[in-house]
Structures are given as C-alpha cells and as structure tokens.
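The chains referred to below are lettered A, B, ... by the order of the sequence lines, with proteins before strands, and numbering in each begins at 1.
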There are 2 protein chains.
Amino acid sequence: MDALNLRDRAASGASAVVALIEQGIADGTWGPGTKLPTERELEKRFNVSRNTLRKSLRVLEEQGKIVRHVGRGSFVTSEATVKATAEDQSLTSRIIGASPAEIMELRLMVEPQAAELAAGRATAADLHRMEECLAHAERAQDVPEFEHWDGMLHVAIIGAAKNGLLSDVYDAINAIRNQPEWARLKVRSLTPARRAVYEDQHRRIVSALKDRDGDQARAALQEHLLQVRTNLLGS
Amino acid sequence: MDALNLRDRAASGASAVVALIEQGIADGTWGPGTKLPTERELEKRFNVSRNTLRKSLRVLEEQGKIVRHVGRGSFVTSEATVKATAEDQSLTSRIIGASPAEIMELRLMVEPQAAELAAGRATAADLHRMEECLAHAERAQDVPEFEHWDGMLHVAIIGAAKNGLLSDVYDAINAIRNQPEWARLKVRSLTPARRAVYEDQHRRIVSALKDRDGDQARAALQEHLLQVRTNLLGS
DNA sequence: CTCCGCTGATCCAATTATGATCCATTATCG
DNA sequence: CGATAATGGATCATAATTGGATCAGCGGAG
C-alpha cells in the first residue's frame with residue numbers, strides 16, 4: 001500500500017482531484033495559458049484511473065478553468081487564475097480570509113495565557129475531558145481523526161479558562177482552521193514523528209494543568225504552538 | 001460539551017454520538033456541504049458499533065442536519081452549515097452578551113502582545129494615526145468623545161500589529177462600545193482624575209511604540225488595561 | 001428474571017472508481 | 001505529402017465503496 005496513494009485516502013475521488021488541480025492553478029504550478037500534463041500523465045500522478053481523472057477535467061472544463069483539444073492537450077484558461085483567487089477570497093474573505101500565519105500568531109497570543117488561566121479554573125470534568133481527547137488522539141488511526149481530537153483538546157483547554165467570550169472567539173478561529181485548504185496544509189505537515197512530538201507536548205500541557213501549574217501550562221502550550229507553527233509554515 | 005463525559009460512563013450511547021457529530025458540524029470540523037467520513041470510519045472513530053452510529057446518523061438526518069445517499073456518503077446539510085456560519089458571523093452579537101469582566105480578560109490577553117508586535121511592525125502612518133488619536137482624546141470635551149478617540153487609539157495599535165485576523169476579532173470586541181449598558185459603565189467609571197491617568201498611560205504606550213521598544217509597549221499597555229479593569233469592575 | 005440497548009456479523013442496493021479498448025483529431029517528422 | 005505517434009473522447013464490464021437493513025447474542029438496569 002503506497003501511503004501516497006490518493007485512492008486509500010478518505011478524501012479520494014474525482015472531487016479531490018478537482019481540488020488538487022484547482023490548487024495547482026491557484027498556486028501557479030500551472031499558470032494561465034500553460035498546458036497541463038497529458039491525461040495519461042495526470043492519471044499516474046494522482047493515482048486515479050483515467051476515467052476518474054477525465055471526470056475531474058470535465059468539471060474544470062465546465063467551470064471554464066481549462067479548455068481541452070483532442071490531439072493537442074488541456075490548457076489553463078487565461079482568466080482561470082483570476083477566477084480561482086477571486087473565488088477563494090470571496091468564499092473565505094469574511095473571517096476566513098486569514099492566513100495560516102495570522103491564525104498561528106493569534107493562537108500564540110491567546111492560548112498560552114488561556115492555559116495559564118485554565119490551570120486555576122479547570123474543573124475535574126474539564127481535566128477529564130482533556131484526558132479523553134488525549135486518549136482518542138493517541139488511538140487515532142489516521143491524520144484527520146488525530147486532527148479532530150487534537151482540535152477538541154485545544155477547545156477543552158480554552159473552555160477550562162471559563163471565559164465564554166474567549167471560547168466564542170476561539171470557535172471562530174477554529175472554524176477557519178477547519179477549512180479544506182488549511183486541512184490540506186495540516187495533512188501535509190503531520191508526519192508520524194511530528195505526531196509523536198505533539199502527543200508528548202499535549203501530555204505535558206494536560207499534566208501541568210492537572211498540577212495546577214499555570215506557568216508550566218503556559219510554557220508547554222507556547223512551546224507546542226511554536227512547534228506547530230514551525231512545522232506548518234517553516235521556520 | 002457534556003458529550004465527552006457521557007462517552008466514558010460505559011454508556012457510549014447513540015445520543016452521545018449525536019452530540020459529538022453536532023459539535024463537529026457546529027465547530028466547523030465538517031463544514032459547508034462537506035462529506036462526513038464513512039459510517040465504517042465513524043464507527044471506529046467514536047468507538048461504537050455501526051448500528052449505534054447509524055442510529056445517531058438517522059437522528060441527525062431527521063433533524064435535517066445531514067443527508068445520506070447510498071454509495072455516495074453522508075453530507076452536512078447546507079442548512080446546518082448556515083447555522084454554523086451564522087454562528088461565526090454573529091460573533092459580534094454574542095460578544096455583546098459577554099460580561100465586562102470577560103471582555104477585559106480577553107483584552108488583557110491580546111492587546112499587550114499585539115502592542116509588542118506593533119512595536120516592530122508599525123509604519124510611520126500607524127504611529128501618526130496614534131498621535132492624532134492622542135491629540136483628539138486630550139482635546140475631547142466630554143466623556144463620549146474621549147471614549148471615541150480612546151477606542152480609535154486602541155484600534156490603531158491593534159492595526160499596527162499587521163494581523164488582519166486579530167483586527168477583525170478586535171473590531172468585533174470593540175463594537176460593544178456602542179452598547180448602552182457598557183457605555184454607562186464607562187461613563188460612571190471615568191472621572192477626570194482617571195482620565196488624566198489614562199492619557200498619561202496612552203502617551204507612554206505610543207512613546208514606547210515609537211521607540212520600537214516592544215517590552216516597554218507591552219508592559220505599558222498591560223498596566224493601562226489593568227488600571228481600566230480596576231476602574232471598571234473594582235479590584 | 002425480563003426488557004432494552006448495544007454489539008458484531010451478514011447480506012443487499014446504489015453509487016463510484018477502475019482498467020481496458022477503440023475512436024477522432026492533431027502534431028511531428030522523414 | 002504521408003506515415004506515425006501523441007492526445008483527448010467515449011464506452012463497457014468489473015471491482016470497490018458506501019449507506020440500508022436484518023438478526024442472533026450479550027449485558028446491564030429495573
């Protein structure tokens with residue numbers, strides 16, 4: 001089983017291929033007017049059958065993002081990149097238009113201090129919930145599942161700070177974090193080794209909270225987030 | 001929130017799973033029209049049998065929160081998504097319901113660190129805007145006018161941190177200045193003596209920013225906010 | 001003990017993906 | 001020009017995926 005096979009990922013299928021190609025157009029891999037690789041090439045690159053690949057290309061063609069000519073190839077429309085970026089910004093602009101760098105910066109501002117507060121305010125139920133998130137995360141079979149419980153843990157920590165407004169704000173941030181684009185970023189950056197590091201850091205954070213050690217909790221969470229940021233965005 | 005608690009009482013029931021999935025939809029884990037993991041995936045993730053999982057899904061389907069198609073999968077309803085996004089966008093309205101104590105706590109978390117960032121990122125225009133706010137505030141004839149320029153100054157400082165997401169969040173918090181209840185609280189607490197103290201603190205903050213002294217800026221803003229909190233809420 | 005809910009297993013039906021084959025059009029080169 | 005290769009277009013039988021449904025068994029609550 002090739003781990004890189006799209007086929008055995010949860011998000012496999014034609015729509016996933018559409019997203020990948022859209023991203024390639026958006027990020028400039030295939031600029032305006034350039035020729036895409038041949039279908040028989042893309043089929044191998046994305047590890048899908050040619051039929052599936054062709055279905056994806058048809059979607060992109062109907063969206064006007066590419067044009068196809070028999071015997072010549074498929075080409076990115078000149079306005080496709082404009083469309084793609086405009087779409088991205090309209091879909092995500094409101095609160096969602098934040099860059100991963102901005103999000104991580106905000107999280108680094110808020111979460112460590114929230115952890116410090118949580119150390120003094122967390123109830124037994126809060127701590128227990130965190131333990132459960134830890135357990136679930138460590139039992140997770142794949143990246144999305146791990147991410148799910150990872151997110152829940154952070155939510156639990158924020159919640160333990162007993163500031164409803166803070167929780168609301170964090171929920172808004174979390175909603176951004178769950179955008180597909182951001183998810184892709186996370187999946188790419190989460191190697192098994194890094195996941196092990198995260199689990200260790202998580203344990204340390206929760207441990208500090210259980211010890212009611214605010215300084216330790218703040219430091220541990222800050223260290224964790226700095227690690228996450230480095231892994232996500234590079235140093 | 002209690003969903004996780006329910007799970008470990010050896011009674012990991014269908015209702016608990018419903019709550020978990022509802023939360024996943026609410027917090028954006030499974031957002032707009034996205035496809036839920038397959039039943040055989042969710043059954044493993046939540047550690048329940050497929051029958052139980054399916055019972056939960058049926059509840060969610062009857063609530064109109066998801067739709068299911070044989071051979072395709074289960075999808076979050078756009079209606080459910082609207083609810084989720086509505087939650088995001090009504091962040092402002094929820095903030096209005098937040099207590100002054102919560103708001104001040106959040107401001108104390110965010111603003112000092114934002115000031116530290118602003119020290120390194122503020123443009124000449126940013127600093128000039130702050131100076132203007134200072135001048136206007138000191139020339140203010142009454143409390144509401146002073147409050148206006150006071151608020152603008154804080155917005156300017158946040159803006160100088162050059163984090164659009166942070167600015168958005170702060171704008172939402174700041175919107176509360178228009179709320180009658182909050183305004184009344186401020187009017188009561190703003191004596192001439194305190195206003196003089198604020199003006200002095202403001203000057204020190206801006207001065208530190210102009211000196212590019214992040215530590216000083218953070219400390220000054222923190223001191224200021226602690227003072228404000230004390231005046232507003234009592235020690 | 002009985003009842004109810006959860007489990008694990010099995011089979012079914014709808015949908016999608018696959019792999020192979022052949023066709024139509026265009027590009028390349030002698 | 002003409003032959004050949006390359007490329008998109010199309011179809012089909014088969015396999016894999018996924019929700020739908022049922023059933024016997026098990027275990028705790030009443």
### Query
More 5' along DNA chain D: A:Arg58 or B:Arg68, using each one's nearest nucleotide?
A:Arg58
#### Entry: Of B:Asn51 and A:Pro37, the one whose closest DNA chain D nucleotide lies more 5'
A:Pro37
Given [options], identify the nucleotide with an atom nearest to the side chain of [X].
X	options	value
A:Ser49	D:dT18, C:dT18, C:dT7	C:dT18
B:Thr38	C:dT21, D:dT18, C:dT10	D:dT18
A:Ala14	D:dG20, D:dG9, C:dA17	C:dA17

### Task
Run the salt-bridge test on A:Glu138 and A:Arg203 with the 4.0 Å N-O cut-off and return the result as yes or no.
yes
#### Entry: Salt-bridge criterion met for B:Arg50 and B:Glu39 (N-O under 4.0 Å)
yes
### Message
Please determine whether any donor N or O and acceptor N or O are separated by less than 3.5 Å between the side chain of A:Arg40 and the base of D:dG8.
### Response
yes
Report yes if a side-chain nitrogen or oxygen of [X] is closer than 4.0 Å to either non-bridging phosphate oxygen (OP1 or OP2) of [N]; otherwise report no.
X	N	result
A:Thr52	C:dT18	yes
A:Arg72	D:dT7	no
B:Lys55	C:dC6	yes

### Task
Answer with yes or no whether the side chains of A:His136 and B:Asn47 bring together a donor and an acceptor at under 3.5 Å.
no
### Query
Of the non-hydrogen atoms in B:Val76 and B:Ile25, which two are nearest, and what is the gap between them?
CG1-CG2, 3.9 Å
